[in-house]
Amino acid sequence: MAKVQTVPRAEIISRTILGVFGSYLLASAALIAITRLWPEGGRTAVSLGEMTGFALFGLAAIMAFSMRNVRMAWLLIVGGAAVLLAIGFGLGSAGGQP
Amino acid sequence: MITLALILAAFIVMSLGMDKHHRVFFDGGLSKPKRSALKGCAWLILCFAFVVCCKIHGPQFGPVWFAGIATVAAFMTMGLVSLRTTISKKAR
Amino acid sequence: MKGGIRQSNSWLHGWAGLLLGWVMFAIFFTGTIAFFRHEVTFWMQPELHRTTAVGHEEAAKVAIERLEAIAPQAREWGVVLPSERNPTLRISWDDAGADPDNPASAPADRLLRDRAEKQAEITNARGGRPRDPGLLLDPATGDVLTPRDTAGGEFLYRFHYRLHGLPNELGRWIIGLATFAMFIAIISGIITHKKIFTDFFTFRAGKGQRSWLDGHNAMAVLSLPFHLMITFSGLLLLGSTLLPWSGGGGHGHGGHGRAGNDEIVAASGTAPEQDRIASDRIIAEGQSIWGAPAGRMIFHRVNGVTQTVELTSQKNDDLTLRPGGGPGRTITFDAKNAEVVERTDTEAENAIAATDRTMVALHLGRFAPWQFRWLLFVAGVAGTLMIATGLVLWSVKRKEKRRGAPGTVGHRLVDSLNIAAITGLPLATAAYFWASRIISAASPDRANLEISIFFAVWLGSFIHALFRPDGKAWLEQLIASGLGFASLAVLNPLSGGMDLVTATSRGNWIVAGFDLTVLVTGAVFLLAANLLAARATRNSSAQPRPSNTAAATELAREAP
């Protein structure tokens, strides 16, 4: 696209990586955290985790391309995923999984 | 069917409440109070249609039917409105 | 991509939409047909067109009589009662552990059984949920129907969520990626085209790029609830593939009937089964408990005598019942006195499961009565057109920017892929339906042959699009698809099916509906071709331009 020239190529690559893999990471982290934290676990936790995960995926993908500050976007998305994973593995003890 | 008619009516009123569409039907623009009156009226009919739909199909299927019928009604409205556009263009 | 949320989202929308747009188109197209997959299969088997449904009680009697003749020793019998989506009666049996050379069967019945068992092997080899060997019966006469072997609507349905010929997981991943892209394209599309909500019902025909954009927006916004629902639930349906971190706690699909209840003391007797099983009372009782029609029966048997009968509803009457793996209401009856042994309703346990299930149920549409099925179909068509217009818009935009200069190799490839997807896939589908009637009913491996024809035509359309000038390729493929679909209604009675007039007058709406739909589809394709041709001639006489770009921009001017 013609507009591409106005943004450095590196930034586009960075945003694309963040949008694709970062969002996926966040979605996975949300699912893992929820399935580990949910008291009884099982199907309900998986359902909730998937629904939240996919919703976050959409949100994160949009953020990756919309936020003015690329670093901030990286921080929010990857940081968010890290926090979720930390909470999931720290507090949840593979709680519900059958 | 009742729901369809109601939603269709609501959408037509709604389109009249939108500046661009209004111009097509009548010459001249749209005053602010008139616009909000039309839009308000449209939303009222929509809400009424929703209640009717939920009465007919029950609380669970009602909203689902409503969304489905609204989609069809929206396409019909689009057909009607853009048909008007071509007719009025030819008339001029 | 430059500053501003709208611009960056517009960029994202363009690329997310383009890169997997062709896959999305195929998913939407086949998925839309899949709402009617049983009806499609029924149409593709003209041997079945003349069956007429009878009452459930009567049908059950016919089924039991047949089953006792064919598989008296089976440990399980299955019966699928006639329904509005399929008037035939299906019987099946699970012979595990029974003596294969049971002397009780007459030679003719044994022949039927062997044939059904062979057929089941072939069908199960094609994939899908494995089925017990079975037969289709005319419920009115009890005659065994021998429809031609076909993958039918099932093929399009399976293609919709896992493509074809690929390992299951890989197919699902490709579909999943397209769904992710779709999800992002929808959100970024809403952000980009915020204005669509202010001129909601606008459609300006005959204005080039503007018309395509209007068409694209209209298709997107007017059925936005459907698009959001179908895409999000699509992700949920593929959840265990896309986010495989939940420890295999599968989701949605995969329910299967319980095994026989061993605790019941085996009843025995010598009277024929149809006298022993209180099928009339069982069906009546079940239907009155649910207030909904019954759909299937499973007979659990010991030593050739039915102990209990499991009755399942025809379809879900509630969105929070288990949406996949068969309807979610089951009652087990004592076979002899029709007393309720056990009732299971797979209601969701909590709000989260209910939300999940509602989404998935809406996606699968198995609960839907025919009127609602048509609403889903119409919304599916809107989605298909939304993707088609979006794809065309992408190349029209670049074409208007180039102002008649020849496109790059990339642009050329995009154009060809657009043609192959938007007109090639419908053409391939029409060819698939044609194949079901042209290939002799007795030819071996015909189901796979039909599928090969589908892919051959699709590939052919891509090659055709690569080597023909753009405008010509569009035009020719539109005409071919239009004729291909419309002629199906003529082909149908000529190849053993029921003709439209008879079908309508007899109320056979499965066949009549299919014929009418292909006629309308064909007419729409021909109309589009006509508009395109008219534009091309008008324009080439007004201002001669290189024909390929001219015609393609012309197409761009037409309403979708």
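Chain A is the first sequence line, chain B the second, and so forth, proteins listed ahead of strands; every chain is numbered from 1.
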Aromatic ring pairing A:Phe65/C:Trp11, orientation class (parallel under 30°, perpendicular over 60°, tilted between): tilted
pair A:Trp38-C:Ile352: side-chain heavy atoms closer than 4.5 Å: yes
Side-chain heavy-atom pair A:Phe54, C:Leu243 within 4.5 angstrom cut-off: yes
Kindly compute the distance separating [atom1] ([X]) from [atom2] ([Y]), expressed to the nearest 0.5 Å.
X        : Y        : atom1 : atom2 : value
A:Arg43  : C:Glu349 : CZ    : CD    : 8.0 Å
C:Thr355 : A:Met51  : OG1   : CE    : 5.0 Å
C:Leu238 : A:Glu50  : CG    : CD    : 10.0 Å
C:Ile184 : A:Ile62  : CD1   : CD1   : 6.5 Å

Among the listed options A:Ala61, A:Ala27, A:Ser28, the residue most often paired with chain C at heavy-atom distances under 4.5 Å: A:Ser28
A:Ser23 portion near chain C, given a 4.5 angstrom heavy-atom threshold: neither
Segment of A:Leu48 engaging chain C (4.5 angstrom heavy-atom cut-off): both
Region of C:Ile191 in contact with chain A, defined by heavy-atom distances below 4.5 Å: side chain
C:Phe232: partners by ring-ring contact (aromatic ring centres under 6.0 Å, His included), with sequence neighbours left out: C:Phe183
